[in-house]
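Please read all numbers here as calculations on a predicted model, not as lab measurements. Numbers restart at 1 for each chain; the letters A, B, ... are given by sequence-line order, proteins then strands.
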2 protein chains.
Amino acid sequence: MARGRATLKDVAERVGVHLSTVSRVLNAKPGYVVSEEVAEKIRTAARELGYKTNPFAYSLRVNRSFTIGVLIPDLTNPVFPPIIRGIERTLAKKGYIAILADSDNDPAEEERILERLKARQTDGLILATAHRADELVADCLEEGYRVVLINRSVEAAGVSSITNDDHFGIAQAVRHLASLGHRQIAHVAGPQAISTGYQRYLAFREAMQAEGLAVDDNLIAFCDAFAEKEGRRAMAQILARSRPLSAVVAANDLLALGCYDAIEAAGRRCPEEISVTGYNDMPFADKFKPPLTTVHIPLFEMGIEAAEAMLALLDTENPEPRQVRLRPELVVRGSTARAPAGI
Amino acid sequence: MARGRATLKDVAERVGVHLSTVSRVLNAKPGYVVSEEVAEKIRTAARELGYKTNPFAYSLRVNRSFTIGVLIPDLTNPVFPPIIRGIERTLAKKGYIAILADSDNDPAEEERILERLKARQTDGLILATAHRADELVADCLEEGYRVVLINRSVEAAGVSSITNDDHFGIAQAVRHLASLGHRQIAHVAGPQAISTGYQRYLAFREAMQAEGLAVDDNLIAFCDAFAEKEGRRAMAQILARSRPLSAVVAANDLLALGCYDAIEAAGRRCPEEISVTGYNDMPFADKFKPPLTTVHIPLFEMGIEAAEAMLALLDTENPEPRQVRLRPELVVRGSTARAPAGI
DNA sequence: CTGAAAGCGCTAACAA
DNA sequence: TTGTTAGCGCTTTCAG
């Protein structure tokens with residue numbers, strides 16, 4: 001506070017013109033021509049006085065906040081920071097800022113946050129939290145908010161979204177494992193209420209069949225969240241069923257990390273006895289023990305794409321949803337190895 | 001936009017009272033008593049119409065944004081997400097929101113971001129980017145902004161800051177190494193322009209002396225940034241000097257990760273030949289290869305403390321800076337081992 | 001081209 | 001206790 005700054009009025013008085021003239025010059029109204037002399041005077045006065053347009057007044061007047069709400073399920077998941085960086089950078093170029101919020105995978109919190117963001121009059125919402133059948137998303141759309149989904153999609157069509165090709169990615173992982181001689185492959189699946197969890201699960205089944213491998217439901221376990229803890233639980237559950245298996249494809253990297261834990265706790269070794277693949281290629285995936293074989297998706301670029309999609313929505317009165325699907329790529333590291341003989 | 005919502009006027013008309021009455025009721029003006037009947041009518045009308053106070057108008061009027069700028073040097077460094085979460089949660093309780101910005105360790109970008117945040121009329125600034133002699137911080141203070149520094153401090157006194165006890169932390173690491181029989185201990189130091197880099201370097205020298213160990217300047221190298229790449233470069237540099245060494249204390253975890261790379265590239269093994277310690281105990285530090293022995297600092301709590309310090313500053317007209325120093329704790333994992341014999 | 005004035009939605013000082 | 005009013009700083013319509 002206290003930090004009172006120069007207003008249009010101040011500049012106007014200094015130069016000796018009407019305040020509306022100052023406004024017009026500073027905003028470079030198209031088709032408006034002042035004597036270049038006056039314009040220059042105004043600009044220098046503004047600079048000298050350190051004039052900055054008051055965002056509250058401006059927003060009140062034009063009824064736009066130039067603020068985009070970004071809702072993330074779990075900021076501590078390293079996949080998100082690069083995405084966020086991409087979003088921020090891109091938004092900043094057009095004078096928008098991102099308000100970041102982290103729901104910690106809690107739907108109730110998610111709803112509260114959404115309320116807060118709406119109360120703040122964000123011009124748009126970038127959501128990385130969407131569920132497959134997400135009422136919250138539907139509500140936002142209905143209320144006229146611009147929304148773009150990132151990494152996830154909802155079943156209802158007509159929403160902008162930036163995703164990756166889960167089927168392609170999982171197929172790569174399964175093919176890789178198959179080529180290494182694995183036949184009993186488990187799947188630690190993500191939450192089925194979330195598009196990525198669901199799609200990757202479907203993709204797993206398809207890919208197995210495509211490779212001519214049987215899918216054994218005893219080798220599949222579902223997680224309630226994309227969190228390490230859940231991955232450990234699910235993998236332990238599979239292991240407890242005592243079916244032969246030599247590999248597991250986890251629905252994301254955090255889950256894969258949980259698999260590492262469970263495998264170790266069971267006294268088995270990765271990759272010698274059990275190969276593991278993840279998904280996302282999150283930062284540090286190459287630093288784990290062992291370095292994780294995973295499906296790389298272009299995180300930073302997804303952020304950029306999301307922001308651009310949002311900007312596009314903001315630009316037009318009747319926005320066309322834009323759906324971008326990026327192609328992932330398997331990166332082979334140390335967590336996968338040839339299937340042990342005799343299994 | 002379009003999303004026009006009910007205003008005070010709408011509510012007032014609906015109830016048939018003056019708009020100022022509505023305002024008073026909804027804001028629960030202390031000492032103001034309406035007939036409970038009217039108050040109730042107003043509240044239900046507000047609810048029915050979905051009244052939300054317009055933040056632009058409100059901010060314009062009271063000249064506060066209820067927004068705090070949070071400036072981070074590198075969002076992809078996993079130490080920050082927990083801090084940010086702590087900040088956000090705490091701020092949210094008091095109706096404030098955080099605007100997060102990531103400078104990517106670039107001072108120029110930092111300055112630009114600060115400009116943007118100020119232009120947005122943030123009520124305060126939480127900075128994790130401070131340099132030891134930071135003009136930017138001084139400027140902010142001078143301009144009357146409330147600022148709290150997190151994780152770092154500046155030389156000029158009188159700024160609120162939340163830090164950890166670097167000397168204590170480093171001493172723990174050095175003592176641990178010494179107790180394992182290490183005598184030739186290297187230090188991969190952080191940027192000396194940053195308080196943590198500088199203090200940890202000082203602490204390293206002190207701690208070595210306290211343990212009766214000689215510090216060999218050939219076993220010290222400085223990094224230009226707290227980034228893995230720099231850690232690798234610095235460690236490679238030390239290794240290239242071919243002095244005997246059996247351990248290295250890195251000024252933070254990212255640097256330690258870089259040390260891993262350099263050690264491996266040099267064909268040495270960690271921890272069998274060279275022990276490594278980090279600092280921060282960032283998420284996933286326990287998952288690395290090998291699991292990193294490091295100094296744990298309470299990240300989430302630091303975020304909470306920072307936000308509370310900020311809230312305290314915001315509360316009073318003439319704020320007393322608050323300086324909190326949290327106590328870190330060594331956590332021993334797999335990257336440190338007994339010193340090899342014969343060195 | 002430039003000035004005047006209204007008004008975005010709100011709070012607070014003042015009157016009644 | 002309640003109503004009236006000014007005004008936060010800005011954009012924009014309407015006159016001039």
TODO: Scan Ser59(A) against the nucleic acid and name what it touches under 4.0 Å (heavy atoms): base, sugar-phosphate only, or nothing.
DONE: nothing
Provide, to the nearest angstrom, the distance between the [atom1] atom belonging to [X] and the [atom2] atom belonging to [N].
X	N	atom1	atom2	answer
Leu60(B)	dC8(C)	CG	C1'	9 Å
Leu8(B)	dC8(C)	CG	P	13 Å
Asn27(B)	dT1(D)	CG	P	17 Å
Leu19(A)	dA6(C)	CG	P	14 Å
Asn63(B)	dG7(D)	CG	C1'	13 Å
Leu26(B)	dA12(C)	CG	P	14 Å
Lys41(B)	dT2(D)	NZ	C1'	15 Å
Glu13(B)	dC10(C)	CD	P	12 Å

Task: Heavy-atom pair of closest approach, residues Pro82(A) and Leu299(A) - done: CB-CB, 3.8 Å
- [ ] Could you check His18(B) against Ala57(B) and say which one's nearest nucleotide on DNA chain C is further toward the 5' end?
- [x] Ala57(B)
Task: Presence of salt bridge, Arg89(A) and Asp104(B), under 4.0 angstrom - done: yes
Task: Lys/Arg N to Asp/Glu carboxylate O, Glu109(A) vs Arg112(A), below 4.0 Å - done: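 Result for this pair is yes, salt bridge flagged.
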Task: Phosphate contact (dG3(D) OP1 or OP2) by Thr21(B) side-chain N/O below 4.0 Å - done: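 Checking dG3(D) against Thr21(B), a side-chain N or O does come within under 4.0 Å of OP1 or OP2.
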[X] has a side chain; which of [options] sits nearest to it?
X	options	value
Asn54(B)	dC10(C), dC10(D), dG9(D)	dC10(C)
Ser23(A)	dA13(C), dT12(D), dG9(D)	dT12(D)
Arg24(B)	dG9(C), dC10(D), dT2(D)	dT2(D)
Tyr58(A)	dC10(D), dG3(D), dC10(C)	dC10(D)
Thr7(B)	dA5(C), dG9(C), dG9(D)	dG9(C)

- [ ] Answer yes or no: is there a donor N or O on one side and an acceptor on the other, between the side chain of Ser161(A) and the main chain of Ile150(A), under 3.5 Å?
- [x] no
Open item on the list: Run Arg5(A) and Glu143(B) through salt bridge (Lys or Arg N to Asp or Glu O under 4.0 Å) and show every step you take.
Closed with: CA-CA 11 Å; Arg5(A) 32 185 195 186; Glu143(B) 292 167 40; over 6 Å; no
